[in-house]
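Fair warning: this is a prediction, and the values are worked out from it, not measured in the lab. Order of listing sets the numbers, starting from 1, for every ligand and every atom in it. Numbering starts at 1 and runs along the sequence shown.
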Amino acid sequence: MSPITTSLFELFTIGPGPSSSHTIGPMRAGYDFRTELASLNTSDMDGVPARVRTVLYGSLAATGEGHGTQWAVLAGLGGMRPENCPTDVLDSLPEENPEYEIPLGGAVTKTSRQDITSDTLRVLDLEHPNTLVFQLIDADGKVLHEAEYQSIGGGSIRRPDAPAPHVADVPHDYGTMRQLRALLQAGNGLTLDQIIIQNECALTGASEDGVLAGLETVLAAMEDAVHRGLAAEGELPGPLGLYRKAKAMFKRFRKTPLASAQLMLALDAYALAAAEENAAGHTVVTAPTCGSAGVLPSIAHVMKYQMKLPQDALRRGLCAAAAVGLLVRHNASVAGAEVGCQGEVGVAASMAAAMLAMGRGYTMHVVENAAESALEHHLGLTCDPVAGYVQIPCIERNAMGAVKAFNAFVIASSEVEQHHMVGFDQAVIAMAETGHDMNRKYKETALGGLAASMVNC
Ligand code: SF4
């Protein structure tokens with residue numbers, strides 16, 4: 001089994017929702033092309049550069065308008081990056097409709113929303129369903145320089161013409177939960193968070209302090225999404241006319257006298273808040289995706305505000321969540337388009353259950369059992385976003401995922417560890433197989449399930 005060589009911060013990407021493939025990836029691609037243009041030699045070009053044109057293909061062309069892809073691309077070309085752009089950038093750009101200047105060698109070129117088009121006809125020869133092409137053109141539209149990008153999921157991008165990146169060796173070699181457990185039992189005193197952080201340092205060249213600071217940034221971005229969502233109300237963008245619920249739920253949480261009901265209301269309100277922020281196209285953290293970006297923040301918020309756990313418990317918990325998310329990415333998938341919602345909300349719940357168990361100081365067995373239980377009870381969950389918007393069933397599904405994550409932790413921390421029958425790796429294999437066999441209708445095509453019944457019935 002090959003070792004995991006994915007960075008934590010590829011798993012936890014900060015940026016505007018509602019879809020990491022349709023907003024974060026394209027914005028990153030726009031920024032990357034802008035950077036390339038700045039150092040381009042224009043003297044031997046067969047024409048005078050005038051503008052930058054962008055063409056969206058495949059799924060970006062089909063559903064990009066609803067997801068704000070065009071504005072995300074424009075923001076990237078304008079010099080914004082997902083991790084530090086204004087949280088409401090996808091709201092404000094359509095109002096401002098700016099024309100951006102882009103540094104080009106020693107000169108400047110320009111682009112605006114009118115330069116971004118969608119080609120829904122070119123489908124069959126696409127190497128990847130989420131493809132976009134940037135072209136530097138002259139005043140007559142002749143292409144002087146171009147670059148193709150693919151938005152390959154989770155906000156990551158790839159250039160088909162680029163050589164494969166060099167991947168550094170990691171000090172702790174594991175590709176399954178079983179191997180990770182063996183490392184922890186090897187007797188060298190290493191903890192799970194140390195393994196995760198040391199591997200991250202080796203992969204990225206960051207210092208330990210740098211990785212810790214990055215984890216704090218991720219936690220802060222999750223908390224911010226919950227706070228913003230709890231304060232917001234009104235209708236979400238898109239044709240469904242769906243209203244936000246988190247604020248009302250939070251009010252009810254504050255008024256309820258029942259301690260037992262309070263926890264459920266808090267989990268629901270926090271998860272809805274972050275998921276509604278995602279649906280609004282505001283900044284969230286992929287955990288593991290934008291569509292499931294409410295589950296982990298909900299559990300983290302409960303750990304901080306209801307359980308009053310210290311910040312280092314949250315940080316250690318986030319490392320456990322990362323281990324779970326990275327293992328699933330490595331051995332199966334976290335993309336709804338590949339395995340259905342079991343890979344998004346199911347994996348988010350699994351990560352959240354592990355985070356809670358680790359943050360509460362339980363053993364690695366309990367962490368694994370909690371993660372397994374949460375994933376096991378999402379097996380077979382389909383992806384059927386109504387009208388292609390990440391709203392129904394996605395937003396409430398995040399609340400369901402948070403509650404299931406909590407329950408998985410409760411069961412795992414109450415049972416005799418050794419009596420837990422199903423291993424995490426076994427649940428991941430089952431998820432991959434189920435996803436493979438799942439009809440295409442139920443894998444982010446908006447052709448089956450609720451997406452069909454709400455239109456046809
Ligand atoms: S239903 Fe599909 S789009 Fe919605 S959260 Fe689940 S996987 Fe994502």
Any N/O/S atom from C383 (main chain or side chain) under 2.8 Å of atom 2 (Fe) of ligand 1?
yes
Hey, which atoms in ligand 1 end up nearer than 4.0 Å to a heavy atom of C394?
1 (S), 3 (S), 4 (Fe), 5 (S)
Considering the heavy atoms of R397, write down every atom of ligand 1 situated less than 4.0 Å from one of them.
1 (S)
Donor-acceptor under 3.5 Å (S118 side chain, L56 main chain)
no
Check whether the ring centres of H227 and H301 lie less than 6.0 Å apart, and answer yes or no.
yes
Is there side-chain contact between I299 and F409, with at least one heavy-atom pair below 4.5 Å?
no
Is the distance between atom 6 (Fe) of ligand 1 and the nearest N/O/S atom of C341 smaller than 2.8 Å?
yes
Between E376 and K404, does any side-chain N to carboxylate O distance fall below 4.0 Å?
no
Check the side chains of S7 and E200 for a donor-acceptor pair under 3.5 angstrom, ignoring hydrogens and angles.
yes
Looking only at N, O or S atoms, which one in E344 sits nearest to atom 8 (Fe) of ligand 1?
OE1
